[in-house]
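Shown next, in structure tokens, is the structure this report addresses.
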Amino acid sequence: MIRETTLEEISDGKLYESNDLVKAETNNCSGCRALCCKNMDKSIVLDPRDIFELTIGRFFDENKEQIGETISFNDLVDSKKIALNIVDGVILPNITMDNETKSCQFLDEFDRCSVHKNRPGICRMFPLGRAWMGPDNFKYILQTNQCHKEGLTKVKVKKWLGISELEEYEKFSCLWHKYLTDVRTNLSGLDDNNRHIFNMYNLKTFYTTCYKAKNLTGFYREFSMRLKKAYKELNLADI
């Protein structure tokens, strides 16, 4: 989700890299009432890796052995865990909030994340965010007045993210951001009917068609193949 604002308006004004220290450590959110997981409307937009983790990825152990029943993208939509909305001209999925409590649909009865190990990238970064320096390059930022936990301490960005394959993840994030940037440029010149066709292709290619991979290494490989195919079939610039 693109925000037209300045760094000073939403952050401490600094740019961080993965090895930098940042004041974001919440000490396991002890004593917090999960305010960051409520009243988020449609802002938790999900990328293909997020969907892989929420559907397939979390049901296999490190040895690729299945440890639970896998679910599909459509299962998440049907159960109203996620919904489809237009984000900067592109139809993308987002986590939904409960109609009554306005809480994330993945919070349990104790206001704790039930998918914490496989939580989406936006949730994993919070209270960090990304500042895009170009279509395929970003720095991390520390969002201000967002986390309600008192006494935050310093932690390395990469430790806070807790992503073992961070280099691959950052490369994926850049590829996905550049692709969406290219898609938006293409959509601007289409009529409503062709824009809809374009969006349906995008959803099928990266979201509704189940990934065959059983771990993130396999996911990144499969995603790259789908991305190259999409650039070719949609007549976009080469990646």
Side-chain angles (χ1 to χ4, degrees), residues 1-2 41-60 64 66 68-97 104-106 115 118-124 135-136 165 168-239:
M1 180 178 293
I2 299 174
D41 195 26
K42 304 170 185 176
S43 64
I44 311 301
V45 180
L46 305 171
D47 62 34
R49 182 189 185 276
D50 296 331
I51 292 298
F52 174 78
E53 284 281 82
L54 290 173
T55 56
I56 304 302
R58 67 195 179 104
F59 294 99
F60 291 87
K64 302 182 184 180
Q66 189 167 341
E69 293 299 319
T70 59
I71 58 178
S72 69
F73 179 88
N74 289 331
D75 290 332
L76 290 174
V77 174
D78 292 341
S79 63
K80 302 188 185 306
K81 298 285 188 184
I82 67 173
L84 296 175
N85 287 285
I86 297 177
V87 182
D88 304 317
V90 183
I91 298 177
L92 296 172
N94 61 266
I95 287 181
T96 58
M97 301 293 117
C104 172
Q105 293 279 13
F106 289 101
V115 293
N118 305 91
R119 62 198 183 281
I122 290 178
C123 304
R124 190 176 288 276
D136 57 359
E165 78 297 348
E168 287 182 285
Y169 174 66
E170 292 181 334
K171 179 181 178 181
F172 156 78
S173 297
C174 288
L175 288 173
W176 182 242
H177 180 78
K178 182 180 184 302
Y179 170 74
L180 289 182
T181 300
D182 293 337
V183 164
R184 290 181 181 111
T185 299
N186 191 288
L187 284 174
S188 64
L190 301 178
D191 58 32
D192 289 345
N193 183 56
N194 282 313
R195 189 177 294 116
H196 177 75
I197 293 173
F198 199 103
N199 267 310
M200 291 304 100
Y201 172 89
N202 187 64
L203 285 172
K204 180 179 180 181
T205 301
F206 295 106
Y207 289 103
T208 63
T209 301
C210 182
Y211 288 84
K212 297 178 181 180
K214 295 183 179 180
N215 57 29
L216 286 167
T217 298
F219 163 78
Y220 292 127
R221 186 182 306 116
E222 191 172 344
F223 167 79
S224 294
M225 293 173 61
R226 295 190 187 194
L227 187 66
K228 290 179 181 179
K229 182 179 179 181
Y231 266 93
K232 181 178 180 180
E233 294 186 346
L234 294 176
N235 252 347
L236 300 175
D238 292 336
I239 58 175

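Nothing here was measured: the structure is a model prediction, and the numbers come from that model. Here, residue 1 is the first one in the sequence, and each next residue gets the next number.
- Residues L216 and E53 meet the side-chain proximity criterion, which asks for heavy atoms closer than 4.5 Å.
- In this structure, D192 and R195 have side chains that are in contact, with non-hydrogen atoms separated by less than 4.5 Å.
- Heavy-atom minimum distance, C174 versus D136: SG-O, 3.4 Å.
- By the 4.5 Å heavy-atom criterion applied to side chains, L234 and N186 are not counted as neighbours.
- For the atom pair CZ (F52) and CZ (F219), the distance works out to 7.0 Å, reported to the nearest 0.5 Å.
- Between the side chain of T209 and the backbone N or O of K204, at least one donor-acceptor pair lies under 3.5 Å.
- In this structure a side-chain-to-backbone donor-acceptor pair under 3.5 Å is present from D50 to G121.
- Here the CD1-CG distance, from I51 to L76, works out to 6.0 Å after rounding to the nearest 0.5 Å.
- Without hydrogens or angle criteria, E222 side chain to A213 main chain gives a donor-acceptor distance under 3.5 Å.
- Contact of the L54 side chain with the K81 side chain is not registered, since no non-hydrogen atoms from C-beta on lie closer than 4.5 Å.
- Residues M200 and I91 come closest through the heavy atom pair CE-CD1, 3.8 Å.
- When side chains are defined from C-beta on, L203 counts as touching L84, because their heavy atoms get closer than 4.5 Å.
- Here the closest heavy-atom approach between residue I56 and residue I71 is recorded as CD1-O, 4.0 Å.
- Residues I95 and I122 form no side-chain contact, since every pair of their non-hydrogen atoms from C-beta on lies 4.5 Å or further apart.
- Here the straight-line distance linking atom NZ of K178 with atom CG of D182 works out to 4.0 Å at 0.5 Å rounding.
- With values rounded to the nearest 0.5 angstrom, D47 atom CG is found 5.5 Å from Y169 atom OH.
- To the nearest 0.5 Å, atoms CZ (R221) and CD (E168) are separated by 9.0 Å.
- R119 is linked by a salt bridge (charged side-chain N to carboxylate O under 4.0 Å, His left out) to nothing, counting only residues two or more places apart in sequence or in another chain.
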Verdict with reasoning, L180 to L92, per side chain to side chain contact (heavy atoms under 4.5 Å, CB included): CA-CA 10 Å; L180 289 182; L92 296 172; 4.2 Å; yes
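- To the nearest 0.5 angstrom, Y201 atom OH is 15.5 Å from H196 atom NE2.
- Counting heavy atoms from C-beta on, the side chains of C123 and I44 come closer than 4.5 Å.
- In terms of heavy atoms, V183 sits closest to F198 at CG1-CE2, 3.4 Å.
- The aromatic rings of F73 and Y207 lie tilted to each other, with the angle between the two planes from 30° to 60°.
- Under the side-chain hydrogen bond (donor to acceptor under 3.5 Å, both in side chains) criterion, N202 pairs with Y179, not counting sequence neighbours.
- The minimum heavy-atom distance linking E165 with R49 is given by the pair OE2-NH2, 2.7 Å.
- Shortest non-hydrogen contact noted between I82 and T96 is C-CG2, 3.6 Å.
- Taking the six-membered ring for Trp and thresholds of 30 and 60 degrees, F206 and F223 have ring planes inclined between 30 and 60 degrees apart.
- The aromatic rings of Y220 and F172 sit tilted, their planes meeting at an angle between 30° and 60°.
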